[in-house]
Amino acid sequence: MTESPPPSASSEPAEPGGTSGLSVLDPPGFHGPAPAAAGQPSAGRPEGTDRRPEDGTGAAPAPGAADGAPEGAPDTAPDTAPDDADDAPDDAAPASTGVQDRLAGQLSDFASLHEHTERLARARGLGATLDAVLASGTALLGADRALLVTVLPGGGPSQPLGLGLDRASLGALETVPADQSLLARLLREHDRPAEVRSHDLAEDPAIGARLRELAGQLGLGGCYGLPLATEEDGPLAAALWFYDAPADPTDRRRELARRYSEVAAPLLAKQLDAEKVRRTTEALRRGLLPDRLPQPAGLRLAARLVPAGLDRSCGSDWYDAIPLPDGTVGLTVGSVSGDGPGAGPGSAPGAAAAMGRVRAALRAYAVLEGEDPVSVLGDLELLLKTTEPTRSATAVYAWVEPEERRVTLAGAGHCPPVLVTRYGAEFVETSLSAPLGMLSCWEAPGVEFTAERGDTMVLYTEGLARRFGQTLHSGQADLRRAAADAPRDVRSDPERLCAHLLAAAAERDADRRQRADRRAAGQDSADRDGGSSPRRATAQAPATDDLMLLAARFE
């Protein structure tokens, strides 16, 4: 393995002549081959030698390579003209044709590069950006498989992301020691190579033993790698592209890949920054909710939260299980909406902060008068109107006596709980009431019932119900049906029941989106047949509600 020094201002590094062994290079500037003047030979090539497009890419082969010859093969053009040169036509015509071919090759290269960078610019989110980098790099290099890691905030590589590599292969590649890892070299802060490549990983003496062994097991042949880095952020990610047989990318393909990485690096930096902010915000948001649930005698509790993300959410949900001094338990779920009616996603961070304040107040009211759910919600409504006048909230609060399995609850504009029994599932019908903060005075009667041993009460928020159906009413009915149809062993375990309901919601939501896409595609076809302008089939907008549920099983 060799590493070339950074290029000086007066000269460019020389390209190594051989293709075997691992080479570590600093990239030359991408200026494109300069077209030769008509009637003059290109630099470093015999006069009249054409640079024709490669199959499948529309781009020209590397300078110094004859048509169809691999990189590094000698040019076989004759050094002298044939004896009957006097009978040949004017040499200006072939020279002009060579210039046109070279210009056509350059135009094809830039068109391909533009197509891939445009696809990258349209990617939304970190995952889509990384997928685009892997796929576009594979296409530009003519590779078969790819591997990419990003730099974690504390340093070190993240979990690898692969293209054409299954989970077992990715796990095996993670076992390569750091001193043998090509990715680790590309992520170095100092002395970071501009590229790494190997003609045959399994036979390359410059590759560590473990990597050579895995290359033989996984069928990895040639390899080419690039760092994605910026001057301001340093290394952001590293990518390796693999060939299924010993191979080297041509100079032209390598140049296109380097050019693409220069565009991808700053876009990736923005996505990583956004992902860091999102993770930090979500961590703070989850910190407003209980990190563990109590497990009182006679009651098993489980909860699930799938936040919609503060960039899309119009509110913030909560759940809580509050041990009370007399041995009873207060269970609650609810949702705080944004800055007044019609608030959009921009109000979600404020709603999350308000949710934390509302939940803290509800815990205090539960300790003081938890056996009376109507009083708890009435006090919460008064506090909300006094301290959060532009917000509203829906909530359900249940006071549970585990030993007697007696439940008293009240709801404020919230979805009715579902009671899952050995015979099926049914709603616990709460009286109709307005959300908190919507009317001059909130008032609603409480509901009391006694559960059987083995029953499970499920409290949930509106977001889960809407994921089940197109309307809130149909979604609640489908949720109840999904709980009733759950296998007996699932219904007997609140953790598994929560997972089952979330999976069923995701499946129904995906089916509904597919049906909507098919209807839109069918309408497109009908419009085209009728001569109307076609309408693009679009998927439904991402969910703007959290998914929240709390399950309590009576033992």
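Residue indices begin at 1 and follow the sequence shown. Heavy-atom basis, side chains included; hydrogens, waters and symmetry copies ignored.
- A search for side chain to side chain donor-acceptor pair (under 3.5 Å) contacts involving Arg119 returns Glu115, not counting sequence neighbours.
- Closest non-hydrogen pair, Thr175 versus Arg210, comes out as OG1-NH2, 2.9 Å.
- Of the N and O atoms on the side chains of Glu213 and Gln217, at least one donor lies less than 3.5 Å from an acceptor on the other residue.
- The main-chain N or O of Thr471 is found under 3.5 Å from a side-chain atom of Ser474 such that the two form a donor-acceptor pair.
- Asp144 places a side-chain N or O within 3.5 Å of a backbone atom of Asp244 that can act as its donor or acceptor partner.
- Ser108 places no side-chain N or O within donor-acceptor distance of the main-chain N or O of Ala104, the cut-off being under 3.5 Å.
- Counting only N and O atoms by type, the side chains of Asp109 and Ser112 include no donor and acceptor under 3.5 Å apart.
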Before giving the answer on side chain to side chain donor-acceptor pair (under 3.5 Å), spell out for Thr461 and Ser335 the whole-Å C-alpha distance, their side-chain angles and the decisive distance to 0.1 Å. CA-CA 7 Å; Thr461 54; Ser335 177; over 6 Å; no
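- Listed for the Arg253 side chain is a donor-acceptor partner under 3.5 Å among the backbone atoms of Leu140.
- The backbone N or O of Arg188 sits less than 3.5 Å from a side-chain atom of Arg192, completing a donor-acceptor pair.
- Every residue two or more places apart in sequence or in another chain that forms a side chain to side chain contact (heavy atoms under 4.5 Å, CB included) with Asp166 is listed here: Ala168, Ser169.
- Taking the charged nitrogens against the carboxylate oxygens, Arg304 and Glu495 do have a contact shorter than 4.0 Å, which makes a salt bridge.
- By the 4.0 Å N-to-carboxylate-O rule, Lys270 lies too far from Asp273 to be salt-bridged with it.
- Closest approach of Leu240 and Cys223 over heavy atoms only: CD2-SG, 4.0 Å.
- Looking at Glu255 and Arg252, no side-chain N of the basic residue comes within less than 4.0 Å of a carboxylate O on the acidic one, giving no salt bridge.
- Taking the salt bridge (charged side-chain N to carboxylate O under 4.0 Å, His left out) definition, one finds that Asp478 meets it with Arg481, sequence neighbours left out.
- Of the possible donor and acceptor atoms, none in the side chain of Asp546 sits under 3.5 Å from a partner among the backbone N and O of Ser316.
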One pair to check against side-chain contact (heavy atoms from CB on, under 4.5 Å): Trp318 and Val336. What are the steps and the verdict? CA-CA 8 Å; Trp318 81 78; Val336 175; 3.7 Å; yes
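- Heavy atoms from other residues, nucleotides or ligands lying under 6.0 Å from CD of Glu118 number more than 12.
- In this structure, the side chain of Ser181 does not engage the main chain of Ala178 through any donor-acceptor pair within 3.5 Å.
- Across all their heavy atoms, Met355 and Asp317 have their closest contact at CE-O, 3.6 Å.
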